[in-house]
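Notes to accompany the following structure.
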Amino acid sequence: MNTPIITEQLWGRGVQCPFDDVIDVRSPGEYVADHIPGALNFPVLDDAEHAEVGTVYHQEGAFIARKVGAAYVSSNIGRHLREYFAGKSKEYRPLVYCWRGGQRSASLATVLSQVGWRVALLRGGYKTYRRHVRRELEALPRMFSYRLLAGATGTAKTRLLHALAARGAQVLDLEGLARHRGSVLGREGPQPTQKHFDSLLLAALDQFNPAVPIWIEAESNRIGDLYLPPALWAMMRASDGVVVQMPIVARVRHLLAEYSHLLADGEGLKTRLRLLTTRRGARQIVQWERLIDYAEWDALVTSLLAVHYDPAYLESARRCHPHITGSIQLGNESSDSIEALVGELLRPSVS
């Protein structure tokens, strides 16, 4: 019979994962908090079972906890074998991990090995992977050069980044990874945890060629509730780039299209804007709320830009990205204008 192979092998920087599947046997809650990108979650204990076994361990001791846990583990492994692994060929080769490379991963790995599959166990489990992420994010960002795309709110920077990527440029979409557009109105559902953001960021960097510059939006070091790794932030602060400029009428039109979902929920929009009370004052918030009540959307967005977003952008740009020297004009937010500007950005002479 086969026995699990113990490995510390992790991959990245253009090296493909050598396993057919990466199996995370931790509870769904642990998996959501962070996991190896691409890993499948086949928990041997679900969240409630994991909590119960932990409680029994502290109250009644390890032996009783192992008996309770073994019953759950056996049942869950049996279900996974019937529902997922039954279709795998004899050549199937998975990597299995849990929190510390202990009993949870060993239980599934042992059963799969007994079936006859070549199974690898990650020594140290998720904690080994997490050390790998921290170590890589201290060194890897320094291997690249960066081109910053700056500009006030509403200058279609995200669309430009997507268009650059479509033309084959290396693009790091920080707001996309963070699920947040970097403002009080920019949250796009729950953000990943800081650890999972780190994992997503490392996975993105691993795909890039150090000989080619990375286009990246000129963010601050914080996007919503998440922080950029210090090494990446240091490289961004030292990098050059261009400021995208666009007429105010086009910016307003673009923002109304991009944030149309907020206009459908006036009370929710008011709630978000009240978060700016300490910065812009209660009287200003009341004025914005009045514009919402009367659906004066053009006036609302124009005022938000003039009173809050443009001053905030100028302050942040001076503080965070002092080396950006160039500027470039985007006439409007049309696809033709975006494509024309992308062509200009990709010319070597643009600076």
query = side-chain contact (heavy atoms from CB on, under 4.5 Å) between Val242 and Ser327: does it pass, once the steps are laid out?
reply = CA-CA 5 Å; Val242 293; Ser327 65; over 6 Å; no
Is [X] salt-bridged to [Y], going by a charged N under 4.0 Å from an acidic O?
| X | Y | result |
| --- | --- | --- |
| Arg123 | Glu8 | yes |
| Arg130 | Asp198 | yes |
| Arg159 | Glu258 | no |
| Arg167 | Glu339 | yes |

[atom1]-[atom2] distance between [X] and [Y], expressed to the nearest 0.5 angstrom:
| X | Y | atom1 | atom2 | answer |
| --- | --- | --- | --- | --- |
| Lys270 | Glu289 | NZ | CD | 5.5 Å |
| Ile216 | Leu161 | CD1 | CG | 9.0 Å |
| His180 | Leu174 | NE2 | CG | 13.5 Å |
| Leu160 | Met246 | CG | CE | 8.5 Å |
| Arg79 | Arg82 | CZ | CZ | 8.0 Å |
| Lys127 | Trp99 | NZ | CH2 | 6.5 Å |

key: Steps toward ring-ring contact (aromatic ring centres under 6.0 Å, His included) verdict (His321, Trp233)   = CA-CA 10 Å; His321 301 291; Trp233 176 235; 5.5 Å; yes
Return the minimal non-hydrogen interatomic distance between [X] and [Y], and the atom names on each side.
| X | Y | answer |
| --- | --- | --- |
| Leu341 | Gln329 | CD1-O, 3.7 Å |
| His162 | Asp173 | NE2-OD2, 3.2 Å |
| Ser105 | Gly102 | OG-O, 3.2 Å |
| His308 | Trp288 | CB-CH2, 4.2 Å |
| Leu148 | Ala218 | CB-CB, 4.3 Å |
| Asn41 | Pro28 | OD1-CA, 3.5 Å |

Quick one: does any side-chain atom of [X] pair with a main-chain N or O of [Y] as donor and acceptor, under 3.5 Å?
| X | Y | result |
| --- | --- | --- |
| Ser303 | Ala299 | no |
| Tyr313 | Gly151 | yes |
| Ser316 | Ala312 | no |
| Asn76 | Val44 | yes |
| Lys157 | Val244 | no |
| Arg104 | Ala106 | no |
| Ser75 | Tyr72 | no |

message = Set out, in order, the CA-CA distance, both residues' side-chain angles and the distance that settles side-chain hydrogen bond (donor to acceptor under 3.5 Å, both in side chains) for Ser27 and Asp46, then state yes or no.
response = CA-CA 5 Å; Ser27 68; Asp46 66 24; over 6 Å; no
Should the heavy atoms of other residues, nucleotides or ligands under 6.0 Å from [atom1] of [X] be counted, would the total exceed 12?
| X | atom1 | answer |
| --- | --- | --- |
| Arg118 | CZ | no |
| Arg319 | CZ | yes |
| Gln245 | CD | yes |
| Tyr227 | OH | no |
| Phe208 | CZ | yes |

task = Check whether the side chains of Ser334 and Ser337 place a donor and an acceptor atom closer than 3.5 Å, and report yes or no.
result = yes
request  = Could you verify whether a donor N or O on one side chain and an acceptor N or O on the other, from Arg274 and Thr277, lie under 3.5 Å apart?
outcome  = no
Contact check, side chains of [X] and [Y], non-hydrogen atoms, under 4.5 Å:
| X | Y | answer |
| --- | --- | --- |
| Gln191 | Phe197 | no |
| Lys67 | Ile64 | yes |
| Asp21 | Lys88 | yes |
| Val119 | Leu108 | no |
| His323 | Ser239 | no |
| Leu121 | Ile5 | no |
| Ile328 | Glu344 | yes |
| Leu112 | Ile23 | no |

According to a 4.5 Å side-chain heavy-atom criterion applied to Ile, Leu, Val, Met, Phe, Trp and Tyr, with indirect links allowed, do [X] and [Y] form part of one hydrophobic cluster?
| X | Y | value |
| --- | --- | --- |
| Leu228 | Val171 | no |
| Leu149 | Val212 | no |
| Tyr129 | Val32 | no |
| Leu164 | Ile214 | no |
| Ile223 | Tyr309 | no |

task = Return each pair, listed once, that meets ring-ring contact (aromatic ring centres under 6.0 Å, His included) where at least one residue sits in residues 15-52; pairs must be two or more places apart or across chains.
result = Tyr31-His35, His35-His196, Phe42-His80, Phe42-Tyr84, Phe42-Phe85
request  = Decide side-chain contact (heavy atoms from CB on, under 4.5 Å) for Glu217 and Leu172; before the verdict, give the C-alpha distance in whole Å, the side-chain angles of both, and the deciding distance to 0.1 Å.
outcome  = CA-CA 8 Å; Glu217 186 170 342; Leu172 184 59; over 6 Å; no
Could you give the side-chain donor-acceptor pairs of residues 247-257 under 3.5 Å, partners two or more places apart or in another chain?
residue, atom, partner, partner atom, Å
Arg251, NE, Thr153, O, 3.0
Arg251, NH1, Asp310, OD2, 3.4
Arg251, NH2, Thr153, O, 2.9
Arg251, NH2, Asp310, OD1, 2.6
Arg253, NE, Glu333, OE2, 2.7
Arg253, NH2, Glu333, OE1, 3.3

request  = Begin with the C-alpha distance, continue with both residues' side-chain angles, and end with the deciding distance and a verdict on salt bridge (Lys or Arg N to Asp or Glu O under 4.0 Å) for Glu136 and Arg131.
outcome  = CA-CA 9 Å; Glu136 289 294 295; Arg131 286 194 296 271; over 6 Å; no
ask   = Can the positive tip of Arg100 be found less than 6.0 Å from the middle of the six-membered ring of Tyr126, inside 45° of the ring normal?
value = no
query = Could you walk me through whether Asp34 and Ser199 pass the side-chain hydrogen bond (donor to acceptor under 3.5 Å, both in side chains) check?
reply = CA-CA 8 Å; Asp34 186 32; Ser199 289; 2.9 Å; yes
request  = Apply the test side-chain contact (heavy atoms from CB on, under 4.5 Å) to residues Ile292 and Leu263: give CA-CA distance (whole Å), side-chain angles for both, the deciding distance (0.1 Å), then the verdict.
outcome  = CA-CA 8 Å; Ile292 294 172; Leu263 308 186; over 6 Å; no
